[in-house]
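These figures come from a predicted structure and were not determined experimentally. Numbering of residues begins at 1 and proceeds along the displayed sequence.
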Amino acid sequence: MTSQPAFTPLFPDTIFALSSGRMPAGVSVVRMSGPSVRFALETIGGVIPVPRRATLRELSVQGQPIDRGLLLFFPGPRSFTGEDCAEFQVHGGRAVVEALLDALSGVPGARPAEAGEFARRAFAYGKLDLTEAEGLADLIAAETEGQRRLALSVANGAQRVLFESWRMALIQARALIEAELDFSDEADVPRSAGNMAWPQVAAVAERIDAYLSGARRGEILRDGFRVVILGRPNAGKSSLLNALAGREVAIVSEEAGTTRDLIEVTLDLGGIPVLMTDTAGLREAEGGVERRGIELALERAKAADLIVYLIDVTSRSGEQDPRGEPGTDAAGVETWRIGTKADLAHGEGQIYDHVVSATTGAGLDGLLAALETQAKSVAGEFGEIVPTRQRHLALLRMARDELRSAARSDGLGAELRVEYLRRACDDIGRLTGAVGVEEVLDVVFSSFCIGK
C-alpha cells in the first residue's frame with residue numbers, strides 16, 4: 001500500500017516539469033511536487049527512497065522500461081516547495097525525457113507545471129518570502145558577477161531581514177503610542193510612552209531614505225550601466241561597437257547614415273553589465289527614417305549614464321569640441337571626447353579623453369578599463385544591499401511619505417498619526433508578502449522558467 005503524505009497539502013494537484021534546461025544533455029532532471037509524489041516514485045521507480053539520499057533504480061511504466069536513473073525524495077515540509085518533492089535524474093536524450101514526462105502525466109492528479117509554479121508553492125508554504133522569490137528569479141537570469149552576487153544576497157534573505165527590521169520597529173512604535181491612547185488612565189502606562197516612539201519612527205524614515213538613495217546602483221547592477229555612442233556620420237561608432245563587443249553586431253560602411261536604429265550590446269566589465277548603444281550619425285537628416293533615427297539617438301542620450309562622443313581625428317571635425325554638438329548637452333550626463341581612427345592620423349594638438357583605433361585595437365584596452373572604473377564607481381560595492389525592483393521603490397516611497405505625515409505634530413490628532421504608521425507598516429509588509437500582495441503574485445512568478 002502506498003504510504004500517505006506526512007502532512008495535509010495546500011494544493012490538491014501534483015506538478016512536474018523538466019528543470020535542467022535544453023536537451024540533449026548528459027543528464028536531465030525532472031522535478032515533481034505535490035500529494036502524488038510518493039505514488040509516482042513507487043509506480044515508476046519501484047520504491048520510495050530514503051529521504052535526501054540518491055537511489056539508483058530502473059524506471060518503468062506498466063512493465064516497459066524508460067531508463068536507469070537516480071531518484072531523490074524530499075518529504076514535506078522539509079523541501080523546496082514545502083510539499084513532498086521528488087527528482088528523477090535520467091539520461092538527457094529527448095526520447096528518454098519525453099517518455100518519463102509521459103509516464104508522470106499518467107499519475108493520478110499530476111499535471112505539467114506552469115512557469116514559476118514550484119517557487120509559487122514555496123511562497124505559499126512560507127519557504128520563501130516575496131523578495132527571496134524575486135532574488136531567485138534574478139539569480140537564474142544573472143549574467144555577470146555583480147548580478148550574481150546581488151541576486152544571491154537577496155535570495156538568501158538580505159532584503160527580507162532589512163525590511164522586516166523596519167516593520168518590527170514601526171510595530172513597536174505603534175504599540176507604545178496605542179498603549180498611551182487606550183490605557184492613559186492606567187498607572188503602569190507612562191504618559192511619555194508615545195513620545196518615546198517618535199524618535200524610533202524618525203530613524204526608520206531616515207533608513208528608508210538612505211536605502212532609496214541607492215536605487216540607481218541597484219538598477220545598474222540588474223539592468224546595466226548605460227553608455228550611448230554619439231558622433232557625426234562615419235566617425236567610427238559602429239566600428240568601435242564591433243571592436244568592443246569582439247564580434248560584428250553593427251554594419252560598417254563608408255556610406256554615411258547607414259545606422260538608422262539603436263543597436264545595443266552588453267559588455268561584462270568587472271562584473272558590471274555595461275550596455276553600449278550605437279546610434280545614428282548626427283547631422284541634418286536627408287530622409288524621414290534617418291531623422292527618426294537621430295531623434296532616437298538624442299532621446300537615448302538623455303537617459304544615459306555616460307556619453308562617448310566620437311570624433312574622427314583625420315577630419316576637420318577633429319578640431320571641434322563636442323560640448324557644442326547635438327546630444328552632448330543632456331543635463332547631468334557626463335561626456336567623454338573620443339578620438340577615432342588613430343591608425344590613420346595622430347591628431348596632434350587635439351585634446352581627447354581617449355584616442356582609439358577600431359582597426360588596430362590601439363587604445364581599446366584603456367577605454368574599456370576606464371568604462372569599467374566609471375561603472376564600478378556608480379554601482380558601488382557588490383556586497384551592499386540595494387533596491388532591485390521598481391515595486392520595492394514604489395512601496396518604500398509610499399511608506400516614507402506616510403511616516404513623514406505621521407511625524408507631523410501641527411494639529412494632527414494622535415489617532416490620525418497612528419493610522420499613518422499603520423499604513424506605512426502595511427506598505428513595508430507588502431514588500432515581503434507579509435501583507436496581501438495577491439495582485440502582484442502573477443507578475444513575480446511568471447518571470448520564472450517552467451520547472452522552477
Side-chain angles (χ1 to χ4, degrees), residues 1-128 133 136-137 140 441 445-446 448-452:
M1 179 181 294
T2 303
S3 55
Q4 296 300 312
F7 70 105
T8 302
L10 298 177
F11 301 92
D13 52 354
T14 297
I15 55 175
F16 62 88
L18 174 66
S19 296
S20 53
R22 184 177 300 174
M23 299 174 289
V27 175
S28 286
V29 179
V30 174
R31 170 185 279 179
M32 194 174 202
S33 178
S36 299
V37 160
R38 298 177 188 230
F39 180 82
L41 286 168
E42 281 189 327
T43 55
I44 296 174
V47 67
I48 298 178
V50 176
R52 289 168 290 279
R53 183 179 298 175
T55 301
L56 182 63
R57 299 290 297 181
E58 293 284 350
L59 308 182
S60 64
V61 58
Q62 296 180 348
Q64 296 298 315
I66 297 174
D67 192 16
R68 185 174 175 83
L70 294 177
L71 300 181
L72 282 162
F73 175 51
F74 305 92
R78 296 178 60 191
S79 68
F80 173 72
T81 63
E83 301 176 309
D84 283 351
C85 289
E87 286 186 4
F88 298 80
Q89 300 184 12
V90 295
H91 293 98
R94 295 182 185 278
V96 173
V97 173
E98 288 176 4
L100 176 57
L101 294 176
D102 186 61
L104 292 175
S105 68
V107 172
R111 62 170 176 81
E114 298 176 359
E117 196 165 4
F118 286 92
R120 187 159 185 168
R121 291 194 178 196
F123 172 77
Y125 280 101
K127 310 298 286 189
L128 294 172
L136 191 58
I140 294 170
L441 293 183
F445 292 105
S446 64
F448 282 85
C449 57
I450 294 175
K452 192 58 181 174

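- Note that the OG1 atom of T55 and the CD1 atom of I48 stand 11.5 Å from one another [nearest 0.5 Å].
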Checklist entry - Stepwise, does the side chain to side chain contact (heavy atoms under 4.5 Å, CB included) test hold for L100 with L18? => result CA-CA 10 Å; L100 176 57; L18 174 66; over 6 Å; no
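- Closest non-hydrogen pair, S79 versus C85, comes out as OG-SG, 3.7 Å.
- For the atom pair R57 CZ and I44 CD1, the distance stands at 13.0 Å (nearest 0.5 Å).
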Checklist entry - Going through the checks in order, is the side chain to side chain contact (heavy atoms under 4.5 Å, CB included) test met by V90 and I66? => result CA-CA 9 Å; V90 295; I66 297 174; 5.8 Å; no
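- Scanning all heavy atoms of the two residues, the minimum distance from A119 to L128 falls at O-CD1, 4.2 Å.
- You'll find the side chain of P75 reaches within 4.5 Å of the side chain of R38, heavy atoms only.
- The two atoms that bring P35 and P12 nearest to each other are CG-O, 3.5 Å, heavy atoms only.
- Distance check: E83 CD to I15 CD1 gives 6.5 Å after rounding to the nearest 0.5 Å.
- Between P49 and L41, the shortest heavy-atom distance links the atoms CD-CD1, 3.9 Å.
- Between S19 and R31, the shortest heavy-atom distance links the atoms OG-CB, 3.3 Å.
- Within the 4.5 Å cutoff, the side chain of R120 has no heavy atoms near those of the E114 side chain.
- Atom CZ of F11 is separated from atom OG1 of T81 by 9.0 Å, given to the nearest 0.5 angstrom.
- The minimum heavy-atom distance linking A40 with M32 is given by the pair CB-SD, 3.6 Å.
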Next on the checklist: Run the side chain to side chain contact (heavy atoms under 4.5 Å, CB included) test on F88 and V29 for me, step by step, so that the C-alpha distance in whole Å, both residues' side-chain angles and the decisive distance to 0.1 Å come before the verdict.
Outcome noted: CA-CA 6 Å; F88 298 80; V29 179; over 6 Å; no
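- Checked by atom type and distance alone, the side chain of Y125 pairs as donor or acceptor with a backbone atom of L10 at under 3.5 Å.
- Using a 4.5 Å heavy-atom cutoff, the side chains of T14 and V37 are in contact.
- A distance of 4.0 Å separates CZ of R68 from CG of L56, quoted to the nearest 0.5 Å.
- Atom CZ of F74 sits about 5.0 Å away from atom CD of E87, to the nearest 0.5 Å.
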Checklist entry - Is there a side chain to side chain contact (heavy atoms under 4.5 Å, CB included) between V27 and H91 once you walk through the steps? => result CA-CA 5 Å; V27 175; H91 293 98; over 6 Å; no
